[in-house]
Trainee: 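This is the structure I have questions about; it appears just below.
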Amino acid sequence: MKRILIYTSLLFAMGIGLIGCYKDVILPEALVDPDGPPQAVAFKAELVPLFASKCALPGCHVSGAHQPYLSSDLAYLQLVNNGWINTLIPKESKIYVAINGIMKEYIPAATDRQKVYDWIRNGAPNN
């Protein structure tokens with residue numbers, strides 16, 4: 001009887017131990033080659049919605065707050081005319097440096113940051 005009670009207790013303890021295990025699955029970000037050929041990026045269709053959802057929030061990059069103003073009607077003019085874009089050396093563009101530095105937490109996806117970089121490498125068209 002004692003033996004059965006001991007085996008039952010051990011099986012119960014092992015069952016609790018196995019059920020209590022937790023595995024956190026962390027999927028790696030998709031590999032992005034920043035210096036590969038630039039992909040076509042539509043400013044109005046891809047970057048304006050990105051800026052609107054991540055940057056142009058109340059108190060952030062909207063009119064009267066922090067420069068550049070990234071609301072949909074002002075974003076292109078603010079970026080291009082105020083020195084935020086350097087098409088000759090895209091990695092030195094202020095916007096690219098910012099989203100890969102102090103503003104990285106607001107645009108955490110490497111694919112989104114790559115879109116901005118590719119847009120600059122394509123000449124920053126207003127498309």
Side-chain angles (χ1 to χ4, degrees):
M1 181 69 176
K2 266 186 169 178
R3 197 179 274 177
I4 294 173
L5 186 58
I6 291 172
Y7 287 137
T8 304
S9 299
L10 285 174
L11 284 173
F12 183 72
M14 286 176 48
I16 294 295
L18 291 174
I19 291 172
C21 289
Y22 174 75
K23 289 185 180 181
D24 193 12
V25 178
I26 299 174
L27 299 174
E29 274 191 35
L31 295 177
V32 177
D33 180 12
D35 296 317
Q39 301 298 311
V41 178
F43 184 78
K44 292 176 185 169
E46 296 179 68
L47 295 186
V48 167
L50 174 69
F51 293 147
S53 66
K54 305 284 186 179
C55 308
L57 304 173
C60 291
H61 294 280
V62 292
S63 295
H66 304 289
Q67 291 273 346
Y69 304 143
L70 296 175
S71 56
S72 58
D73 56 335
L74 300 173
Y76 184 79
L77 294 175
Q78 285 284 309
L79 290 172
V80 174
N81 294 338
N82 292 335
W84 288 89
I85 303 297
N86 182 347
T87 56
L88 297 176
I89 308 170
K91 283 191 177 179
E92 292 183 12
S93 294
K94 290 180 186 177
I95 189 77
Y96 181 74
V97 171
I99 65 174
N100 283 291
I102 60 172
M103 294 292 156
K104 188 174 183 178
E105 67 181 283
Y106 301 104
I107 302 180
T111 53
D112 289 339
R113 294 190 311 270
Q114 183 67 35
K115 284 180 187 178
V116 174
Y117 183 52
D118 286 345
W119 172 71
I120 297 168
R121 292 195 305 162
N122 286 326
N126 188 9
N127 55 354

Trainee: Any idea which heavy atoms bring Leu79 and Pro68 closest together, and the distance?
Mentor: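 The answer is CD2-CG, 3.9 Å.
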
Trainee: What do you reckon, is CG of Leu10 surrounded by more than 12 foreign heavy atoms closer than 6.0 Å?
Mentor: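 Result for CG/Leu10: enclosed.
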
Trainee: First locate atom OG of Ser53, then atom CD1 of Ile107, and finally report the distance between them rounded to the nearest 0.5 Å.
Mentor: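 Output value for this atom pair is 8.0 Å.
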
Trainee: For the backbone of Pro125 and the side chain of Trp119, can you confirm whether one donor and one acceptor N or O come within less than 3.5 Å of each other?
Mentor: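 Side chain of Trp119 to backbone of Pro125: a pair is present.
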
Trainee: Nearest 0.5 Å please: distance from the CG atom of Leu47 over to the CG atom of Asn127.
Mentor: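 CG of Asn127 is found 8.5 Å from CG of Leu47.
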
Trainee: When you measure from the side chain of Asn86 to the backbone N and O of Lys94, does any donor-acceptor pair fall under 3.5 Å?
Mentor: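 Between the backbone of Lys94 and the side chain of Asn86 there is no qualifying donor-acceptor contact (under 3.5 Å).
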
Trainee: Membership question, hydrophobic clusters at under 4.5 Å side-chain separation (ILVMFWY): are Tyr117 and Val80 in the same one?
Mentor: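 Val80 clusters together with Tyr117.
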
Trainee: Could you tell me whether a side-chain N or O of Arg113 sits under 3.5 Å from a main-chain N or O of Asn100, the two making a donor and an acceptor?
Mentor: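 It does not hold such a pair.
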
Trainee: Group every Ile, Leu, Val, Met, Phe, Trp and Tyr by side-chain heavy-atom contacts under 4.5 Å, then state whether Val62 and Met103 land in the same group.
Mentor: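 No: no chain of side-chain contacts under 4.5 Å links Val62 to Met103.
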
Trainee: Distance check, rounded to the nearest 0.5 Å: Ile95 atom CD1 versus Gln78 atom CD?
Mentor: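 The CD1 atom of Ile95 sits 10.5 Å away from the CD atom of Gln78.
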
Trainee: How long is the span from the CZ atom in Phe43 to the CZ atom in Phe51, to the nearest 0.5 Å?
Mentor: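 One gets 5.5 Å once the value is rounded to the nearest 0.5 Å.
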
Trainee: In Å, rounded to the nearest 0.5 Å, how long is the span from OG of Ser71 to CG of Leu57?
Mentor: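 Taking OG in Ser71 and CG in Leu57, the distance rounds to 11.5 Å.
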
Trainee: State plainly whether one hydrophobic cluster holds both Leu50 and Val48, where clusters connect Ile, Leu, Val, Met, Phe, Trp and Tyr through side-chain heavy atoms under 4.5 angstrom apart.
Mentor: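 Yes, Leu50 and Val48 fall within the same hydrophobic cluster.
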
Trainee: Can you tell me which residue pairs pass the salt bridge (Lys or Arg N to Asp or Glu O under 4.0 Å) test with a partner in residues 117-127, sequence neighbours excluded?
Mentor: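 Listed once each, the pairs are Asp118-Arg121.
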
Trainee: Report yes if some heavy atom in the side chain of Ile120 is under 4.5 Å from a heavy atom in the side chain of Ser93; otherwise report no.
Mentor: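 Yes; the side chains approach each other to less than 4.5 Å.
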
Trainee: May I have all residue pairs that pass salt bridge (Lys or Arg N to Asp or Glu O under 4.0 Å) and include part of residues 35-57, sequence neighbours excluded?
Mentor: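 Salt bridge (Lys or Arg N to Asp or Glu O under 4.0 Å) check on residues 35-57 returns Asp35-Lys91, Glu46-Lys115.
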
Trainee: Quick one: NE2 on His66 to SG on Cys55, what's the gap to the nearest 0.5 Å?
Mentor: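 Atom-to-atom, His66:NE2 and Cys55:SG are 11.5 Å apart.
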
Trainee: Does Tyr69 use its side chain to pair, donor to acceptor, with the backbone of Leu77 at less than 3.5 Å?
Mentor: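 Answer holds: no.
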
